[in-house]
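Labels below follow one simple rule: chain letters A, B, ... track the order of the sequence lines, proteins then strands, and each chain is numbered from 1.
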Number of protein chains: 2
Amino acid sequence: MGKLEEAIQQKDFIDPYHKAVVNLLFTHSYVVGYQNALLKPYDLSPEQYNVLRILRGQNGNPTTVSSIQERMLNKMSNASRLVEKLKAKGLVIREECPTDRRQVDVMISAEGLKLLEKLETRIQDSNKYYIKLSESEVRNLNMLLDKLRG
Amino acid sequence: MGKLEEAIQQKDFIDPYHKAVVNLLFTHSYVVGYQNALLKPYDLSPEQYNVLRILRGQNGNPTTVSSIQERMLNKMSNASRLVEKLKAKGLVIREECPTDRRQVDVMISAEGLKLLEKLETRIQDSNKYYIKLSESEVRNLNMLLDKLRG
DNA sequence: TAGATTTGTATGTATGTACATTAAATTCAA
DNA sequence: TTGAATTTAATGTACATACATACAAATCTA
């Protein structure tokens with residue numbers, strides 16, 4: 001991998017900002033590749049995994065579909081259909097909200113929790129393997145990404 | 001936007017590496033959102049725009065589909081179908097390679113070049129607008145992303 | 001040089017993304 | 001309190017991604 005210019009044989013960037021955009025897209029693909037590889041045996045996509053983590057973060061309280069959507073990494077993806085997929089696999093429980101019949105209460109199931117637990121160390125090991133940065137560099141990266149979005 | 005934890009209301013990351021993965025996915029979505037908005041009026045996706053830039057980088061020499069694939073930001077996407085889309089819009093020229101009939105020579109068309117030119121300043125302005133980093137911070141980010149991939 | 005292997009591209013399928021639209025329930029306002 | 005506006009979720013569609021497979025052309029090998 002290494003330097004972007006060599007990796008994609010492109011060097012005529014408009015400016016460092018344009019290069020950063022390309023670098024982010026390329027690094028995203030790199031990261032998602034590893035995520036997919038790790039999650040595929042468990043029949044989960046990265047965003048499905050993330051939704052399970054969002055639900056676990058609620059500590060047993062049900063969450064609505066729109067609340068999940070707000071917290072998702074990809075704002076444009078479709079929480080409704082993702083929840084449907086997770087339900088089909090028995091990883092979440094979905095039921096009509098008693099106080100507002102438009103809403104749908106979603107909770108992670110016991111199976112969902114068990115799956116997350118099983119994945120935790122694998123994810124941790126995998127992340128450290130393919131992110132070839134020291135802990136302080138990673139913190140620096142996180143700081144820059146946060147600042148990038150303003 | 002700002003800090004990741006607030007933006008997606010999630011704070012229980014396994015470690016800074018896991019947070020970096022989430023941060024990259026989220027920032028990717030942020031960036032692609034702006035890219036899509038800018039390119040949509042021109043009926044281009046970010047990867048189609050990138051392919052046009054790859055082709056322009058060849059300075060008039062034809063490129064094969066597999067060579068495009070190698071240089072694409074998303075290694076798993078489908079250069080064949082992207083080229084087909086670009087050809088349908090008249091932005092590239094595609095013809096059978098005379099020396100190897102398996103291969104397909106692809107070149108950017110005059111229209112494609114004109115479109116890239118028209119987009120250049122818009123892209124440049126847009127990037128600087130939504131990437132809220134100084135030039136030295138952007139360079140630092142590029143360095144970290146390059147290093148991340150090893 | 002015939003048959004096997006490899007290479008380059010296209011196609012098929014399932015899923016995900018982007019965005020518009022629909023439909024039902026709720027809230028607001030006259 | 002009734003009709004309009006808003007909210008919540010689901011659905012439809014076009015395109016993109018991920019990955020397997022097919023198929024023709026070229027290359028290798030015996």
Distance check needed: C:dG16 C1' versus A:Asp43 CG, whole Å only. 14 Å
Within the sub-3.5 Å range, which N or O atoms of nucleotides 7-11 of chain C have a protein N or O partner, and how far apart are they?
unit_1: C:dT7; atom_1: O2; unit_2: B:Arg102; atom_2: NH1; d: 2.9
unit_1: C:dT9; atom_1: OP1; unit_2: B:Val65; atom_2: N; d: 3.4
unit_1: C:dT9; atom_1: OP1; unit_2: B:Val104; atom_2: N; d: 2.8
unit_1: C:dT9; atom_1: OP2; unit_2: B:Ser66; atom_2: N; d: 2.7
unit_1: C:dT9; atom_1: OP2; unit_2: B:Ser66; atom_2: OG; d: 2.9
unit_1: C:dA10; atom_1: OP2; unit_2: B:Ser80; atom_2: OG; d: 2.5
unit_1: C:dA10; atom_1: O5'; unit_2: B:Ser80; atom_2: OG; d: 3.3
unit_1: C:dT11; atom_1: O4; unit_2: B:Asn78; atom_2: ND2; d: 3.3

Any Lys/Arg nitrogen of A:Arg149 or A:Asp146 sitting under 4.0 Å from an Asp/Glu carboxylate oxygen of the other? yes
In whole Å, what is the span from the CZ atom of A:Arg101 to the C1' atom of C:dT26? 11 Å
Over how many whole Å does the gap from A:Glu47 atom CD to D:dT17 atom C1' extend? 14 Å
What is the distance from atom CZ of A:Arg139 to atom OG of A:Ser136, rounded to the nearest 0.5 Å? 8.5 Å
Set of side chain to side chain contact (heavy atoms under 4.5 Å, CB included) partners for B:Ser77, sequence neighbours left out: B:Glu47, B:Met72, B:Asn74, B:Leu82
Between atom CD in B:Glu84 and atom C1' in D:dC15, what is the gap in whole Å? 14 Å
Hey, is NZ on A:Lys132 packed in by over 12 heavy atoms from elsewhere, all under 6.0 Å? yes
Nearest whole angstrom, please: distance from the C1' of D:dT8 to the CD1 of A:Ile68. 13 Å
Looking at every strand, decide which applies to A:Gln48 at a 4.0 Å heavy-atom threshold: base, sugar-phosphate, or nothing. sugar-phosphate
Quick check on DNA chain C: between A:Pro98 and B:Ala37, whose nearest nucleotide comes earlier from the 5' end? B:Ala37
At under 4.0 Å between heavy atoms, what does A:Gln69 touch on the DNA or RNA strands: base, sugar-phosphate, or nothing? nothing
A:His28 NE2 to D:dA16 C1', in whole Å, measures 13 Å
Report all side-chain donor-acceptor pairs from residues 113-124 of chain A shorter than 3.5 Å, counting only partners two or more places apart or in another chain.
unit_1: A:Glu120; atom_1: OE2; unit_2: A:Arg56; atom_2: NH1; d: 3.2
unit_1: A:Glu120; atom_1: OE2; unit_2: A:Arg56; atom_2: NH2; d: 3.2
unit_1: A:Arg122; atom_1: NE; unit_2: A:Tyr42; atom_2: OH; d: 2.8

Would you say B:Lys85 places a side-chain N or O within less than 4.0 Å of OP1 or OP2 belonging to D:dA16? yes
Nucleotide D:dA24, atom P - distance to CD of B:Glu96 in whole Å: 14 Å
Between A:Glu111 and A:Lys89, does any side-chain N to carboxylate O distance fall below 4.0 Å? no
Decide if the gap between the ring center of A:Tyr30 and the ring center of A:Tyr34 is smaller than 6.0 angstrom. yes
B:Ser77 has its side chain closest, among C:dA18, D:dT17, D:dA26, to D:dT17
Phosphate OP1/OP2 of C:dC19: any B:Asn36 side-chain N/O under 4.0 Å: no
Give the rounded distance in Å between these two atoms: CG of B:Asn50 and C1' of D:dA16. 14 Å
